[in-house]
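Here the structure comes first, spelled out in structure tokens, and everything after it is commentary.
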Amino acid sequence: MITFDNESKIIKIDTENTSYAMKIVRGKYVAHLYYGAKTDGLSRLYKEKIVSFAPYPAEEGVKFSLDTVATELSFFGSGDLKDTAIKICGQNGDCTTLFKLEDFRIYKGGAKGGNLPYSRDGDETLELIYFDEVSGCKLHSYYTVYENSDTLIRKAKIVNESDSSVSIRALFACQLDFTDKKLDMLTLAGKYYSERHKQILPIGISRQSIYSKCGHSSHRHNPFAALVSKHIKENSGEAYGVLFGYSGDFEIQTEKLFGGFTRLLAGMNRDTFEWRLLPNEEFYSPETVLTYSDRGLNGMSQNLHDHIRKHIVNPKFVYAPRPILVNTWEAVYFKIDNDVILRYAENASHLGIDMIVVDDGWFGERDDDKAALGDWFVNRKKFPDGLLALAERVRDFGVKFGIWIEPEMINADSDLFRAHPEWVLGSKNREYSLSRNQLVLDLTNPEVADYVGDCIIAALKDVKPDYIKWDFNRSLTEVGSAYLPKELQGEASHRFVLGSYRLHEKLTRAFPDAVFEGCSGGGGRFDAGILHYVPQIWTSDQTDPVRRLPIQLGTSVAYPLSTMSAHVSHRKFNKLEEKPDYGFRFAVALWGVTGYETDITSLSADERETLKKQTRDLKKYQPLLLSGDLFRLDGLYKKEYAFAVVSKDKTEFLFDYISVGKKRNVSVKLFGLNENCVYTDEAGNGYSGKTLMQDGLKLQCTDKGKYCYSIRYFVCNYK
Ligand code: DGJ
């Protein structure tokens, strides 16, 4: 609910458990008052302060400074000496920016607009309308509230109402100022093969930032951060989650001043973003999802998970059964052909696997990663009867058909490049940098995006794949465009992301029944922007179960299990297993949307039985894993991982424990259960909800000496 109190000039946004408040001061500035647990006590929170060197607006006198109050948004060069949210260089050539509040509106539903991914079905929106009288621009700052998930969306629109062009140089539509809290910064850091490891850093008196300049949200930092209370635990402590819904270059930064004032900014990366705005044009920022919880990291994660599932992911797919797939990549790499795929399909049908995915290598002259990206027609040497005939034969086994694409990319050794060398990103008069032997298509040019989309549609339209894996295997360099005029080259990074979203829109519309899976060399584009188009993302190329555990744990801090694709593989990496232990690998892959990426054609009889049981179990567990509340469990050693997924009605839960160490005789406390239930596992052991939450569940692991694991599924019988 959003309310305005005319006397105090306070605007308050309430969700089920949180309050967010701001105050209009001096008729034109918007001070930030509060964000946290639900409260009514706001009236004494606003304090004006002036200190030496604090600039003050001449008309206000030595009483008020934009540098010493917390604000909702801050503006470059006009009295706030900290890092500021918005910078617009106007017709006079200088970049001083000062927006003053003109008006505000409160209305039902979400805020319209823009050509960017957005959250659906907001309850109510506050729109603050500011005007900068020198640049002649209007700033619309939106706050859309989602009461049940305790989330807020922030985004902004700038409209040029002047009669000359201006240049937007920074647009952080989400700013959060804190005057009195001691907070740490949690981020998801990594690299290729080790994405999204959770790290908690103290916020020093400095500027700290996570960012991408890779052209995609990247393996290095995820566009998510949380500000958390000291010594935060999974189930206790305060956490502010900030999820930036964008798939390109971003920046989330904190700045802390001596004395404690801390500001967080989230938006597009200033180094690679600028935008020219002609008279009457408007520009929308990407949106940021904000949440607060005093129920520890799990509370924050659950709010974000609910928001992503209910308001970002396509409702058609989010809770629908996901096909249990087997992907050919790690077993055969580029060596696919008709026989291989049919052998896999036949085996899949006996194992309870629903779908086979034909990964890279089915098109053009593609036998390795050196050629053919861009040539989206079937390779007749490998598939002489074409894809449709193959898909039909696969489906005859009762198995669905999935396929891999990488639309944004091109090899220099391709028919497409030979025909259109000007269709790639590049800087005039400079050599291209290659990565994985490939270049990047210039999606700032709509003709290029449409062409590649049409080719893929033509290749796949009869086949109607049940699933499409969308890969993106390099970062962007030399981000210039032969299509854009000189004065718009600085917009190429953002225009590329817009082009990629257009292409996602086009292909997801062309194949409305296909489950799309995002991928970028594993998890290099795992963000809330892309999740608008794809319900699941390949979490990492790392399938060593031991090394994968921290990746999955970190990813689940921001993203629900329903978005995290996780495969049981056979490649032996870690020193713990004598040979790949499918039971152990399954226990790890349950932390997500479970599938297989292993040679299912050469399994032993025992292994076949193991997989058959797993796929049966998965079909039972999957609805719960897709829709339940995730509780990562505390109180464990460093190399132990445990989680429980509890159904929203608390009538069932799945418990999964993995220790990369010896078996321990301990109990793990559970959370979020109904104390009045007796929860019974598949072996018939019953425990009351109260006992499980107070005393814990005694571990019974399958002990393999150097590691152990346990998966237990419980259903509630009321006492
Ligand atoms: C990178 C992906 O992460 C892999 O799963 C696989 O699809 C390869 N690309 C194929 O080139």
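Atoms considered below: every heavy atom in the structure, side chains included; atoms not considered: hydrogens, waters and symmetry mates.
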Taking [Y]'s backbone N and O only, do any of them form a donor-acceptor pair with [X]'s side chain (distance below 3.5 Å, no angle check)?
X	Y	answer
Thr291	Met300	no
Arg120	Val313	yes
Arg322	Gly595	no
Arg196	Ala558	no

Between Tyr118, Phe317, Tyr501, which is the residue that forms a ring pair (Phe, Tyr, Trp, His ring centres under 6.0 Å) with His532? Tyr118
When you check the side-chain N and O atoms of [X] and [Y], is any donor under 3.5 Å from an acceptor?
X	Y	value
His311	Ser119	no
Arg295	Asn303	yes
Glu195	Ser540	yes
Asp656	Trp591	no
Tyr707	Asp581	yes
Ser301	Arg632	yes
Gln614	Tyr596	yes

Proximity of Tyr713 and Tyr621 rings by center, below 6.0 Å: yes
Less than 6.0 angstrom separating the ring centers of Tyr687 and Tyr679, yes or no? no
Intermediate values then yes/no, salt bridge (charged side-chain N to carboxylate O under 4.0 Å, His left out), Asp629 and Lys648: CA-CA 6 Å; Asp629 283 332; Lys648 290 277 178 195; 2.6 Å; yes
Between Glu408 and Arg525, does any NZ, NE, NH1 or NH2 come within less than 4.0 Å of an OD or OE carboxylate oxygen? yes
Given Tyr637 and Ser659, is the side-chain hydrogen bond (donor to acceptor under 3.5 Å, both in side chains) satisfied, shown in steps? CA-CA 9 Å; Tyr637 284 172; Ser659 166; over 6 Å; no
Would you compute the distance between atom [atom1] of [X] and atom [atom2] of [Y] and round it to the nearest 0.5 angstrom?
X	Y	atom1	atom2	result
Asn17	Ser293	CG	OG	8.0 Å
His197	Ile551	NE2	CD1	4.5 Å
Phe643	Leu630	CZ	CG	6.5 Å

Is the closest side-chain heavy-atom distance between Val394 and Met355 below 4.5 Å? no
Is there side-chain contact between Asp360 and Trp329, with heavy atoms separated by less than 4.5 Å? yes
Derivation and outcome, side-chain hydrogen bond (donor to acceptor under 3.5 Å, both in side chains), residues Ser247 and Ser217: CA-CA 5 Å; Ser247 310; Ser217 43; 5.6 Å; no
Could you tell me how the ring of Phe244 sits relative to the ring of Tyr246: parallel (under 30°), tilted (30 to 60°) or perpendicular (over 60°)? tilted
Search all heavy atoms of Tyr192 against all heavy atoms of His219 and return the closest pair with its distance. N-CB, 3.5 Å
